[in-house]
Each structure stands twice: as C-alpha cells, then as structure tokens.
Peer 1: 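Below: one structure in structure tokens.
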Amino acid sequence: MLTVITGGSKCGKSSIAEDILSRFNGKKIYIATMEPYCKEAHAAIERHREMRLGKGFETVEKYTDIHELDLPDRCGVLLECACNLMANEMFSAGEKEPVRKIIKGIGKLSERASEVIIVTNSVGEDGIEYPKETMDYIKNMGILNCALSERADRVIEAVYGIPVMLKGSLWQ
Amino acid sequence: MILIIGGAYQGKTEYARSLGISDICDGASEGTDRIWKHSAVNNFQLLVKRQLEAGLDPLLEAERLLQKNPDILIISTEIGGGIVPIEKSERLWREAVGKVCCFLARNSSRVVRVICGIPTIIKETGDNN
C-alpha cells in the first residue's frame, strides 16, 4: 500500500502519517530526510522526534540516495519528507534527474515494504515568481507529486489536521 | 466553534454571511477583548500576526478566545502552501497560523473550506466539542 500525504506548512501531515504507520502491524521504519543544517532544522527535527517517541518507530537518517536503503521485508515505512529529499538531491548532491531518481528509490522501498507512506508538500501554491533554481524545484516537486499520486493507493491532503481524501479511502 | 478556511478571495466571508452572520469583526485591527464579544472574526491569520508582533503566544490566545467565546465563527486565509519564506518573521507567522488552525480545527464542530466560492464541509461533529 502506497500513501501520499501532501499539504502546506504545519497543517498536520506528520500526525496523519504517523497514525497510519502506528496502525501497521509489523516493523515500523521512519526515514528522516531533513539535514540538520541550521538551528531551525534542529528544532524541527527535535519536535518530530518528540512526536514519534514511544510509537516504536526505528529511525533511519537518509538525506539522498534512498534507493541504497536495505529494508527488512514486509516492514512499514514512513518517509518524511519528499520535499527535503528533493532539495538535498538537487542542491546538495547536484543530481541532474532528481525526479526519476526519487521515483526509482520509492519504487525500491515499495518492493520490500508492505506499507509505504510518503509525506510531501504543496510547494507550488503561493504564486510567487522565484529565481530559476527555485522554480525548477517547484516544477520537480509538482512532477514528483503527480507521479507518486498516480502510483499511490491513497492520496491525502492534510488540512489543519483533517485528512481530506483526494484518492482512495482513509482506512481501507 | 465553526472554522472557515480557504485561499484569499475565495468567498469565505460571503459564505459566513450566507449563514446569517453579519456581526463580523476584522482580526487585522479589532482589539482582543472586543473579538470576544462578536459572533465572528475575519482575517484570523492577521490577528495571529499581530499577536506575534506583540510577543504573545497565538496558541494561548486561541485557547483564551475559545474559553471566552466558544461559539465564535472564525475565518482564516490559508497561507501555509508554497515555498518556505526566507524572512524569519514570515516563516514563524506561517508556522504559527498552521499550528493555531490545527488547534481550532480540532475544537470546531464544523470546518468548512471555501474554494472558488464553493464551500466543502471537511469536518462535522454532532456536538459542539
């Protein structure tokens, strides 16, 4: 089962994702993609760590190249989030075809895991014209979100903690 | 409490008026104690901005508002989509609005999202929890 969860900033994406993973019966793995590059990132990472405490998730930090991950068979995986992964691939690793690489990586996770939950972000919604590299990022995120959603069994938009179903049903 | 959300100029206020509510104050300028006395507050996202600028905790303020005016209708423009702003105060505002609106949504008996003038009820509970 592949689930994509999108939404804006601080709108409850993580708690919905963690709820779904918590209900998974089996080994639960959390793939953290945020590089702790500044104080705010540290704070965000810490906040998410606290949220996950006591839920029995094993945390794996992987900032790029998620296809390299060797997951146990039939586990449940929550990847948070595709927007950090994309930024890392594009701006830290200088990857030329980040969309294809990430889709391939998630495809590989899906071969091993029984439950895959991807948290992403609606980054193209402010209508602001940014410099080219940011516009490329927005475009890549748009293509990635569409491609993942096409493959997904369910797509959820988190709206202030409320799961709005765009595809599939919440508990299926 | 009822929460009405959506992007800018999507018909949120018109929708609130269609519910028969005319006593709507503006979160951009109205004083806190006066908001407690109105049936509705518009531009809630700007009220959060003012609270941040005044060094207040918007989440505590929202809790107080809920205590003082539990049946209030709140209209807030969604600002959390898009690229993370470079300006720190903009970033903190965006995050605060998200957090506070999650709190409001949790405590609302009804949450309505208005897009292109079309209201969609995304949460409805029987009681007023």
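Note on naming: letters A, B, ... go to the chains in the order of the sequence lines (proteins, then strands), and numbering restarts at 1 for each one. Note that the structure is a prediction, hence the values are computed from the model and not measured.
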Peer 1: Hey, does I83(B) have a side-chain heavy atom less than 4.5 Å from the side chain of Y130(A)?
Peer 2: yes
Peer 1: Work out which heavy atom in V97(B) is nearest to a heavy atom in Y160(A); give both atom names and the distance.
Peer 2: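 That closest heavy-atom pairing would be CG1-OH, 4.1 Å.
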Peer 1: Indicate if M34(A) and L78(A) have the same hydrophobic cluster label, given that clusters are the connected sets of ILVMFWY residues with side-chain heavy-atom separations under 4.5 angstrom.
Peer 2: no
Peer 1: Name the region of L104(B), side chain, backbone, both or neither, that has any atom closer than 4.5 Å to a heavy atom of chain A.
Peer 2: neither
Peer 1: Let's test your reading of the structure: which of C83(A), G8(A), G7(A) forms the most heavy-atom pairs below 4.5 Å with chain B?
Peer 2: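 The option with the most such pairs is G8(A).
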Peer 1: State yes or no: do I4(B) and I121(B) share one hydrophobic cluster built from I, L, V, M, F, W and Y residues joined by side-chain heavy-atom distances below 4.5 Å, directly or via other members?
Peer 2: yes
Peer 1: Is E150(A) atom CD crowded by more than 12 heavy atoms from other residues, nucleotides or ligands, each under 6.0 Å away?
Peer 2: no
Peer 1: What is the minimum heavy-atom distance between A105(B) and I162(A), and which atoms define it?
Peer 2: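 Distance-wise, the nearest heavy atoms are CB-CD1, 4.1 Å.
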Peer 1: Can you tell whether the side chains of R113(B) and E157(A) come within less than 4.0 Å, N to carboxylate O?
Peer 2: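 Answer for the salt bridge query: yes.
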Peer 1: Out of curiosity, does W171(A) fall in the hydrophobic cluster containing L21(A) (side-chain heavy atoms, cut-off under 4.5 Å, transitive links)?
Peer 2: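 Both belong to a single hydrophobic cluster.
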Peer 1: With sequence neighbours excluded, tell me which residues meet salt bridge (Lys or Arg N to Asp or Glu O under 4.0 Å) with D23(B).
Peer 2: none
Peer 1: Which heavy atom of G12(A) sits nearest a heavy atom of C102(B), and at what distance?
Peer 2: N-SG, 4.0 Å
Peer 1: With a 4.5 angstrom heavy-atom cut-off, could you sort out which part of I138(A) is near chain B: side chain, backbone, both or neither?
Peer 2: side chain
Peer 1: Hydrophobic clustering (ILVMFWY, side-chain heavy atoms < 4.5 Å, transitive) - are I35(B) and L60(B) grouped together?
Peer 2: no
Peer 1: Inspect the surroundings of NZ in K55(A) and state if more than 12 heavy atoms from other residues, nucleotides or ligands are less than 6.0 Å away.
Peer 2: yes
Peer 1: Measure the NZ-CD1 distance between K10(A) and I79(B) for me, rounded to the nearest 0.5 Å.
Peer 2: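 Result: 12.0 Å between the selected atoms.
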Peer 1: Check the hydrophobic clustering (I, L, V, M, F, W, Y; side-chain heavy atoms under 4.5 Å; chains of links allowed) and say if L79(A) and I143(A) are grouped together.
Peer 2: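 Linked within one cluster.
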Peer 1: Which atoms of V111(B) are under 4.5 Å from chain A, going by heavy atoms: the side chain, the backbone, both sets, or neither?
Peer 2: side chain
Peer 1: Distance check, rounded to the nearest 0.5 Å: C11(A) atom SG versus R94(B) atom CZ?
Peer 2: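 Between atom SG of C11(A) and atom CZ of R94(B) there are 9.5 Å.
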Peer 1: K99(B), K88(B), R91(B): which one forms the most heavy-atom pairs within less than 4.5 Å of chain A?
Peer 2: R91(B)
